[in-house]
Amino acid sequence: MMLNQSYTLNNGVRIPSLGLGTWFIPDDAAAQAVRDAAAIGYRHFDTAQAYGNERGVGEGVRDCGVPRDELFVTTKLAAEIKSHAEARGAIDLSLATMGLDVIDLMIIHSPQPWAAFREGEHFFEGNLEAWRALEEAYQAGKIRAIGLSNFEKIDIDNIVQHASIRPAVNQILAHVGNTPAALVDDIRHADMLVEAYSPFGHGEILRNATLIAMASRYGVGVNQLAIRYCLQLGMLPLPKTANPAHMRSNAAVAFEIADDDMVALRNIDPIADYGDAGMFPVYSKNARSR
């Protein structure tokens with residue numbers, strides 16, 4: 001079962017190969033979502049300061065009935081935090097908000113504040129200051145692994161060339177119809193795991209006729225095809241849902257996509273429009289990594 005499998009990060013920490021994303025799950029519903037997922041077998045939960053649901057995720061982790069050392073919790077330092085003092089305070093606030101003694105993985109949510117996402121400024125010094133705070137928390141035992149999100153090669157190089165601790169992951173927008181091959185190669189060359197958020201393209205690929213037909217041939221749903229695609233590329237997908245039936249379906253991916261179908265999926269026409277999600281910076285046409 002996929003929920004029993006894991007990757008090993010570059011510091012030796014093991015991370016479950018499939019996680020539950022929690023973006024857009026309200027704080028008052030997050031605890032139940034985590035409890036439901038844990039009962040199904042999920043052991044990896046992904047939240048962020050920006051999601052506004054760390055409290056609920058932490059509550060679910062604490063009272064889901066699964067020993068804490070069997071669970072993996074990720075959160076993200078808010079994209080706007082680009083100073084050492086702010087980052088230190090925010091790390092401690094996440095621990096307190098979730099009610100946890102340790103965070104398994106904490107990552108910088110974006111190299112730029114969202115209002116300046118992909119607009120030219122890279123905030124090199126600010127990211128190094130935030131990274132220094134993460135390194136200190138890691139060395140103090142508050143965090144088991146530290147990493148990045150939405151970082152492109154130039155931003156990754158800035159951290160790697162100046163850091164004492166190499167980032168363990170880079171979490172990026174990656175799915176059928178948007179697989180930034182060059183960036184994925186850059187991340188792996190830096191000895192980091194690629195995490196794929198929005199593996200369903202914010203739901204847009206679930207309506208794709210080509211994918212529906214291919215999924216039917218395998219006797220699976222498009223959601224399962226999309227998750228399996230990420231896994232076969234060696235990425236860690238983070239599908240978001242609060243629906244237990246969808247959680248079960250997303251985890252039922254014990255099948256193999258044939259090589260020729262993988263090639264077809266790699267070369268499928270890119271998503272041109274993410275619909276209403278296009279208002280968010282990461283889905284903007286001008287902001288997507290290639």
Side-chain angles (χ1 to χ4, degrees), residues 9-16 19-23 25 27 30-31 34 43-62 68-69 71-117 122-151 155-156 158-160 162-172 190 192-193 195 197 236 238:
L9 300 177
N10 58 21
N11 66 348
V13 169
R14 297 190 70 81
I15 181 171
L20 180 76
T22 65
W23 188 32
I25 299 179
D27 191 50
V34 170
R43 296 295 181 262
H44 180 181
F45 306 99
D46 180 276
T47 183
Q49 293 173 349
Y51 298 173
N53 62 11
E54 284 184 318
R55 186 211 59 81
V57 170
E59 177 186 327
V61 166
R62 294 194 314 273
R68 175 66 183 92
D69 61 3
L71 301 175
F72 195 100
V73 180
T74 298
T75 195
K76 307 175 191 73
L77 194 64
E80 293 71 26
I81 294 175
K82 300 300 178 193
S83 77
H84 178 257
E86 283 184 300
R88 284 186 64 184
I91 292 165
D92 287 341
L93 181 59
S94 280
L95 283 162
T97 300
M98 289 191 285
L100 301 178
D101 295 326
V102 64
I103 295 166
D104 297 288
L105 172 65
M106 193 163 192
I107 59 187
I108 298 176
H109 208 158
S110 166
Q112 298 94 11
W114 294 123
F117 190 68
H122 289 277
F123 297 86
F124 290 136
E125 291 303 318
N127 285 314
L128 290 177
E129 287 296 294
W131 188 255
R132 183 159 63 92
L134 286 173
E135 288 184 330
E136 290 170 354
Y138 174 85
Q139 291 163 339
K142 297 177 180 179
I143 307 172
R144 298 177 63 226
I146 53 179
L148 311 171
S149 181
N150 294 301
F151 274 54
D155 307 300
I156 296 169
N158 176 55
I159 299 294
V160 170
H162 297 94
S164 298
I165 299 169
R166 181 175 291 269
V169 308
N170 190 20
Q171 191 178 116
I172 62 171
M192 299 156 62
L193 176 67
E195 292 191 326
Y197 69 77
L236 192 160
L238 296 162

Q: Please name the pair of heavy atoms, one in I165 and one in E135, separated by the smallest distance, quoted to 0.1 Å.
A: N-OE2, 2.7 Å
Q: Output all residues satisfying side-chain contact (heavy atoms from CB on, under 4.5 Å) with D155, sequence neighbours left out; order by chain, then residue number.
A: P111, Q112, H122, F124, F151, E152
(Q) Under a plain distance cut-off of 3.5 Å, with no hydrogens placed, do N11 and Y138 share a side-chain donor-acceptor pair? (A) yes
Q | Sole candidate of N150, L134, N170 that passes side chain to side chain contact (heavy atoms under 4.5 Å, CB included) when paired with I108 | A | L134
(Q) If only side-chain N and O atoms count, and only distance matters, is there a donor-acceptor pair under 3.5 Å linking N53 with T47? (A) yes
Q.
Tell me whether D104 contacts the main-chain N or O of F45 through its side chain, where contact means a donor paired with an acceptor under 3.5 Å.
A. no
Q.
Please give me the minimum heavy-atom distance between A90 and L77, naming the atom from each residue.
A. CB-CD1, 3.6 Å
Q) Say you draw a straight line from CZ of F72 to CD1 of I103; how long is it, rounded to the nearest 0.5 Å? A) 11.0 Å
Q: Answer yes or no: is there an ion pair linking R62 with D101, defined by an N-O contact shorter than 4.0 Å?
A: no
Q) What closest approach, in Å, do P113 and K82 show between heavy atoms, and which atom pair accounts for it? A) CD-CE, 4.2 Å
**Q.** Atom CD of E125 with >12 non-hydrogen neighbours under 6.0 angstrom
**A.** no
Q | L238 CG to H44 NE2 distance, which is reported to the nearest 0.5 Å | A | 5.5 Å
Q.
Ignoring hydrogens, what is the shortest heavy-atom contact between A78 and Q49? Give both atom names and the distance.
A. N-OE1, 2.8 Å
Q. Where do D27 and G52 come nearest, in terms of heavy atoms and distance?
A. CB-O, 3.3 Å
Q: Could you tell me the separation between the OG atom of S83 and the CZ atom of R88, rounded to the nearest 0.5 Å?
A: 11.0 Å
Q) Quick one: which of V73, L20, I15, L71 gives a side chain to side chain contact (heavy atoms under 4.5 Å, CB included) with R43? A) L71
Q | Minimum heavy-atom distance between P167 and V160, given as atom pair plus value | A | CD-CG2, 4.1 Å
(Q) Before you tell me yes or no, could you show the steps for W131 and L148 under side-chain contact (heavy atoms from CB on, under 4.5 Å), namely the whole-Å CA-CA distance, both residues' side-chain angles and the distance that decides it to 0.1 Å? (A) CA-CA 9 Å; W131 188 255; L148 311 171; 3.7 Å; yes
Q) Is E129 paired with R132 through a side-chain N to carboxylate O contact shorter than 4.0 Å? A) yes
Q. Distance-only, no hydrogens or angles: does the E86 side chain make a donor-acceptor pair with backbone N or O of I81 under 3.5 Å?
A. no
Q) Quick check: does any side chain N or O of D46 sit under 3.5 Å from a backbone N or O of T22, one acting as donor and the other as acceptor? A) no
Q) If only atom types and distance count, is the side chain of R68 paired as donor or acceptor with the main-chain N or O of V61 below 3.5 Å? A) no
Q. Rounded to the nearest 0.5 Å, how far apart are OG1 of T75 and CE of M98?
A. 4.5 Å
Q | Donor-acceptor contact present, side-chain N10 to main-chain M192, <3.5 Å | A | no
Q) Roughly how far, to the nearest 0.5 Å, is the CG atom of L193 from the CG atom of L9? A) 6.0 Å
Q | Nearest-0.5 Å distance, CD1 of residue I107 to CD of residue Q171 | A | 4.0 Å
Q) Is there side-chain contact between L105 and E195, with at least one heavy-atom pair below 4.5 Å? A) yes
